[in-house]
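Each remark here refers to the structure printed beneath this line.
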There are 2 protein chains.
Amino acid sequence: MTDAFSYPHPALAVDLVMLCVQGGALHVVLMQRADGAEMGGDWALPGGFVHRDTAPEDTVARVLAEKTGLHGIHFEQLATYGALGRDPRGHVVSIAYIAIAEAEALSVGVVANDTLTLARVHVGWSGEAGGVATAQTADGTLLPLAFDHADILGDMVKRLRGKLDYTTIGFEFLPPRFTLRAAQDVHEAILNQSLTKPAFRRKLLDRHPLRATGARETGGAYRPAELYEVDPEGGQ
Amino acid sequence: MTDAFSYPHPALAVDLVMLCVQGGALHVVLMQRADGAEMGGDWALPGGFVHRDTAPEDTVARVLAEKTGLHGIHFEQLATYGALGRDPRGHVVSIAYIAIAEAEALSVGVVANDTLTLARVHVGWSGEAGGVATAQTADGTLLPLAFDHADILGDMVKRLRGKLDYTTIGFEFLPPRFTLRAAQDVHEAILNQSLTKPAFRRKLLDRHPLRATGARETGGAYRPAELYEVDPEGGQ
DNA sequence: TCAAAAGTGTTGATACTACACCCATGG
DNA sequence: CCATGGGTGTAGTATCAACACTTTTGA
C-alpha cells in the first residue's frame, strides 16, 4: 500500500476515438504506425501516455493539440482497456475517450499531419459486444487496426448510439447553429439507418433543449431551412 | 513512446462498489481506514493496486477474495477516476468496478473481516452529476467517505439505475431462482421508489429473458409464489 | 371461512409512426 | 409556374400505467 509507486505498475495511456460526420457517413481519425507489422496492423487510434502528476483529461487535451492542433474539442471518457497482451510493448492500460468535432474542423487537423487520415467507419448492429468495427478509405480500402483498437472503436460507436437519445452529445458534430436536416444526417450516419423526417423532427425537439433562432440557412438552393441552437438552460 | 515504463507514471488501482439489497434497501460494503484523518473520511471503498502484468479484472478478483473471501461474484467496469489530488498519497488513477451479490453471500464476507461493514446507501434523483451519495449504518449514523468515493458511489448507483431496464444486471442481486416479488423489491431498493405490481411484472417479463420454472417458493405463509430463472438463451 | 399475498384482465391515456399535405424559394 | 426540399397536420397503432378483480394458500 504505502510503497505503491516503488513496485512496478502498468503504464497508463489514453486513446482517442475522434469522430465526425462527413458525406452522410461516420468517420474516425486514424494514425499510421511505422511499426505496424508487430502491432497487428498499420493503423491505430491516436493516443499518448499519461505522465505522473498529469490528469488523464489533460493528457487528452495534449494529444489533441499535438496530433491535430485542435483545442476545445468536446470529449468524454467511456471505458478503460487493460487486458494483458493488448500492447506488445508491455503492460499498457489505456483509457479510451470519444472526441467529437465538426468535419470541417477535424479535416484541418488531419491534412496538417501526414500520418493522420480520416477513415469511414462501419459498425454492425447485431451482437452486443464490440469488435465488429471496420475502417476504410474513400476508395473502399480496408484499413487494418492495430492493438485492440477495432474493439475500442466498436464499443465507442455503440455507446454513442445509445447516448444519442438522452444526451446532447449528437450536437457536438454540428456547428453552434444548424438545421434540423443536418441533425438528421448526423443521427442517420451514426445509427447507419434512415429515419423519417416528421418523426425525427418532433422527437428531437421535445427530447432536447433546442431553440429556433429565427435565422435561416444561406447559400443553398430552394427553400432555406431555419437554424436551431442548443439552449444551455435545458429548456427550464 | 519507447521509454514509457522508465518515466514516472501514475499508480493504477481498482475500487470496488460491492452492492446488495437487504431489508428493502441498497447496501454497499465499506472498509474502515486507520488513516481516515488525512484521507478526508474514515470509510472507503475496498480497493487495491494493479501490479504490472496483472490484468485489472484479475486485480478485482484478488481484492474480492482478499477482503471478503468471495469468488465468482459478478462485476463490471464502469468508469475511471484520475483527477490530481483525489488521493493524498500521490497520483493514483483508479478504475471503479461495480460488484453485485446476494445479501446473504456478501454478509458472510463482511462479518469475517473486522474492518468491513455493510452500509445503507442513499442516492438522490435530481442532479445528473454524481456526488450526492451518502452511506449510513443501521442506526442511522452517517459514515464519512474518504477520497472521491462519495462521487464514485453516486455515479455507480446512477449507472446501475439506467442499466436495470435494458440489461439483466438486476438479477445478480438475486439467487438463481427467485420470485417476481423479490425482483420488484430489488428494483424498488435501487430506484428508491415504489412500483405498481402489475406494471412491474409485465415489463420485467417482456423486457428480460425470464422463464417460469414451475417450482414454488417454500416456507412462507399464505400463497407461495412461483420461482423464475433467467433464460441464458435470451428467449430466442 | 378469513386474511394476506399471488397473479390477471380491462380500460384510459400517452407516445410513436406513417402518410399526406402545404409552404417557400430558385430557376 | 414548376421542381425541390423545408415544415406541419392527422389518424391509426402500439405501448404503458393504474385500477379492480380473481386465485391460492395457511391459519
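Predicted, not measured: the structure shown is a model, and the values here were computed from it.
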(message) Does any part of the side chain of B:V14, heavy atoms only, come nearer than 4.5 Å to the side chain of B:L16, both counted from C-beta?
(response)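 B:L16 vs B:V14: side chains touch.
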(request) Taking the side chain as every heavy atom from C-beta outward, state whether B:T213 and B:Y228 have any atom pair closer than 4.5 Å. (result)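 A side-chain contact under 4.5 Å is absent here.
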Euclidean distance, atom [atom1] of residue [X] to atom [atom2] of [N] [Å, nearest integer]:
X	N	atom1	atom2	answer
A:E217	C:dG26	CD	P	12 Å
A:R216	C:dG26	CZ	C1'	16 Å
A:L205	C:dA15	CG	P	15 Å
A:R181	C:dA24	CZ	P	21 Å
B:L204	D:dA17	CG	P	13 Å
B:L195	D:dC16	CG	C1'	14 Å
A:K197	C:dA20	NZ	P	14 Å
A:E226	D:dG6	CD	P	13 Å

(message) By nearest heavy atom, map A:P224 and A:A199 onto DNA chain C; which one lands nearer the 5' end?
(response)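 Closer to the 5' end of DNA chain C: A:A199.
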(message) By the 4.0 Å heavy-atom rule, please label A:P198 as base, sugar-phosphate, or nothing.
(response)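 The residue A:P198 makes base contact.
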(message) For B:H187, run the ring-ring contact (aromatic ring centres under 6.0 Å, His included) check against B:F200, B:F171, B:F173 and tell me which one passes.
(response)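 It is B:F200, the one option of B:F200, B:F171, B:F173 that forms the ring-ring contact (aromatic ring centres under 6.0 Å, His included) with B:H187.
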(message) Starting the side chain at C-beta, find the nucleotide from D:dG6, D:dA17, C:dG7 nearest to B:K203.
(response)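 The answer is D:dA17.
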(request) Report the nucleotide, chosen from D:dT25, D:dA18, D:dG5, that has the shortest atom-to-atom distance to any side-chain atom of B:T196. (result)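 In terms of side-chain proximity for B:T196, the closest of D:dT25, D:dA18, D:dG5 is D:dA18.
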[X] vs [N]: side-chain N/O to OP1/OP2 distance below 4.0 Å:
X	N	value
A:R201	D:dT8	yes
B:R223	D:dT23	no
B:R207	D:dC16	yes

(message) For a quick test of reading the model, state the closest non-hydrogen atom pair linking B:V93 to B:G82 and the distance between them.
(response)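 Of all heavy-atom pairs spanning B:V93 and B:G82, the closest is CG2-CA, 4.0 Å.
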(message) Using a distance-only criterion (donor-acceptor N/O pair, under 3.5 Å, no hydrogens), is the base of D:dG9 paired with the side chain of A:R202?
(response)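 Yes, a donor-acceptor pair under 3.5 Å.
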(message) Distance alone, cut at 3.5 Å: any donor-acceptor contact between the side chains of B:D15 and B:Y81?
(response)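 Short answer, no.
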(message) Both A:Y228 and B:D206 contact DNA chain D. Taking the nearest nucleotide for each, which residue is further toward the 5' end?
(response)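 Taking each residue's closest nucleotide, the earlier one in sequence belongs to A:Y228.
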